[in-house]
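Read through the structure below, which is laid out as structure tokens, and then see the notes.
Here is the naming used below: chain letters follow the sequence lines, and residue numbers restart at 1 for every chain.
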Protein chains: 2
Amino acid sequence: MHRETLQRYMNYLLLLTKLKSEGRATVTSDELAVREGVTGSRVRQDLSALRILGKPRQGYRIADLEILISSMLDILSAKPVALVGIGNLGRALVLSDIWSHAGFDLVALFDNDPALIGTSVAGLPVRDAAIMERFIQEQGIESACLALPADKAQAVADRLVDAGVRALWNFALIDLDVPAGIIVENQRLEQGLMALSFRIAKRNQDIARGPQD
Amino acid sequence: MHRETLQRYMNYLLLLTKLKSEGRATVTSDELAVREGVTGSRVRQDLSALRILGKPRQGYRIADLEILISSMLDILSAKPVALVGIGNLGRALVLSDIWSHAGFDLVALFDNDPALIGTSVAGLPVRDAAIMERFIQEQGIESACLALPADKAQAVADRLVDAGVRALWNFALIDLDVPAGIIVENQRLEQGLMALSFRIAKRNQDIARGPQD
DNA sequence: TAGATTGTTAATCGATTAACAATC
DNA sequence: TAGATTGTTAATCGATTAACAATC
């Protein structure tokens with residue numbers, strides 16, 4: 001599946017949650033479409049691909065959509081995940097509620113700073129990175145989040161993969177080198193900010209050039 | 001420009017930095033292509049669109065590429081930006097070096113927690129959110145980053161836009177409602193994690209189905 | 001010179017839109 | 001019933017690849 005298509009499904013889910021909170025029970029393809037900047041036709045094809053059926057004159061049942069999109073994304077499960085690096089970013093992630101929303105269960109925190117080891121964040125103890133491999137093997141953890149500086153990320157990734165981790169959520173601005181079959185999802189904050197910079201520059205150019213009536 | 005194209009340019013830049021650190025002075029379109037999972041043809045078209053010229057048998061000069069891509073993204077400038085919300089995430093962002101790399105100069109921090117106001121992070125004072133509008137107007141700040149909970153983001157965005165901010169980098173999981181012409185770049189951490197969940201599910205299905213030889 | 005690589009045009013592919021009969 | 005909206009096929013559009021003459 002194309003990355004953009006995946007993004008669309010996630011946006012549908014976000015919109016559905018909002019609509020449900022407004023008391024709505026059904027939604028039409030055109031409604032979802034305008035919010036997404038796409039046509040109703042595209043939305044109907046997306047939903048059709050998931051074998052979601054709507055009814056003429058009524059649209060789609062929001063509850064059905066939520067369940068089917070959620071199960072496609074596999075976010076109804078609770079895959080155990082470990083987080084390495086309890087700096088400010090790591091701490092923010094631990095305290096957030098994204099894990100359960102995205103189908104994960106944050107079960108272990110690791111750091112190598114003696115001042116942090118033994119403390120706890122959101123009720124989870126910070127464990128010594130020295131025992132990371134053993135803990136991950138014993139618990140059968142297959143996913144991990146790297147909230148580390150770029151210069152430490154590769155070494156930690158290598159250790160995690162050796163211990164059995166098969167999917168990484170990487171915040172370090174570095175292209176991790178991993179064996180085939182290991183999934184790396186890069187969360188590049190820097191790129192989001194660069195994209196903003198580009199869009200500002202583009203808008204300013206458009207304004208300078210004058211609007212075309 | 002398509003989002004995916006923009007992403008490609010940013011990835012080229014990342015690769016160039018790495019190549020330069022390895023002492024390389026030139027790079028061919030095919031080299032950039034394989035790293036990006038695309039053909040040399042696409043890379044040559046991307047660079048051609050930026051009026052970057054290479055030389056047969058040698059490729060493109062890395063220094064040229066860096067300057068031209070950087071100036072297209074406008075990341076060589078230093079646009080003043082304010083950050084609102086000095087929680088763990090805000091703190092992580094302040095302490096990172098992404099701002100200057102992406103063409104911004106972080107000049108002001110705001111929060112409404114009395115315990116934080118007056119303290120400083122990375123040498124920058126945390127200011128009272130009550131004086132936010134005035135400060136932003138006086139300094140002519142046109143960009144801001146929202147590192148806030150979803151339930152506070154819309155109200156703060158409204159105040160910022162009223163004060164003259166025209167571009168927002170939003171970390172809250174909410175679709176901000178802003179006037180036409182105001183740019184919002186959403187940084188949805190939750191979506192990155194959901195994408196990982198989906199990719200894991202898909203890989204596991206593929207393995208279960210067996211590899212097609 | 002020979003040949004590796006560019007710059008660019010034409011061909012292909014896939015995603016999006018348009019269209020419309022089916023239907024609740 | 002009438003008509004709004006679906007589900008699906010065909011048409012369009014744009015991005016990517018292929019191809020190849022130009023050239024350093």
Step-by-step side-chain contact (heavy atoms from CB on, under 4.5 Å) determination, B:Val43 to B:Glu36: CA-CA 9 Å; B:Val43 173; B:Glu36 250 323 273; 5.6 Å; no
OP1 or OP2 of [N] under 4.0 Å from side-chain N/O of [X]:
X	N	answer
B:Thr39	D:dT17	yes
B:Arg42	D:dT16	yes
A:Ser29	D:dT5	no
A:Tyr60	C:dC24	no

Just call it for [X]: base, sugar-phosphate, or nothing, with non-hydrogen atoms closer than 4.0 Å on any strand.
X	answer
B:Arg8	sugar-phosphate
A:Thr5	nothing
B:Thr28	sugar-phosphate
A:Gln58	sugar-phosphate
A:Leu47	nothing
A:Ser48	sugar-phosphate

Residue met sooner reading DNA chain D from 5', once A:Ser41 and A:Pro56 are mapped to nucleotides: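 Result: A:Pro56.
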First encountered from the 5' end of DNA chain D, between A:Gln45 and A:Arg57: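 The answer here is A:Arg57.
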Salt bridge flag under 4.0 Å for residues A:Glu4 and B:Arg3: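 Answer for the salt bridge query: no.
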Pairing of A:Lys18 and B:Asp175 as salt bridge, 4.0 angstrom limit: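 No.
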Rounded distance [0.5 Å steps], CG in A:Asp74 versus CD1 in B:Ile200: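 A:Asp74 CG to B:Ile200 CD1: 8.0 Å, rounded to 0.5 Å.
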CG on B:Asp158 to CG on B:Asp177, rounded to 0.5 Å: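 Between B:Asp177 CG and B:Asp158 CG, I get 7.5 Å after rounding to 0.5 Å.
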Check: A:Leu89 main-chain N/O paired with B:Arg91 side-chain donor or acceptor under 3.5 Å: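 Not confirmed, B:Arg91 side chain does not pair with A:Leu89 backbone.
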Taking atom [atom2] of [N] as reference, at what distance in whole Å does atom [atom1] of [X] sit?
X	N	atom1	atom2	result
B:Leu53	C:dT8	CG	P	8 Å
B:Arg61	D:dC24	CZ	C1'	15 Å
A:Arg44	C:dA18	CZ	P	11 Å
B:Arg51	C:dT6	CZ	P	19 Å
A:Asp30	C:dT17	CG	C1'	12 Å
B:Glu4	C:dG14	CD	P	14 Å
A:Lys55	D:dG3	NZ	P	22 Å
B:Met1	D:dG14	CE	C1'	15 Å

Contact summary for B:Ile86 and B:Leu83, nearest pair of heavy atoms: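 Nearest pair, atom of B:Ile86 first, then B:Leu83: CD1-CD2, 3.6 Å.
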Atom CZ of A:Arg24 with >12 non-hydrogen neighbours under 6.0 angstrom: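 More than 12 heavy atoms, drawn from other residues, nucleotides or ligands, come within 6.0 Å of this atom.
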Inter-end axis angle, the helix from C:dG3-D:dC24 to C:dC24-D:dG3, with every axis fitted to five base pairs (rounded, 10 degrees):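 Here the local axes at opposite ends form an angle of 20°.
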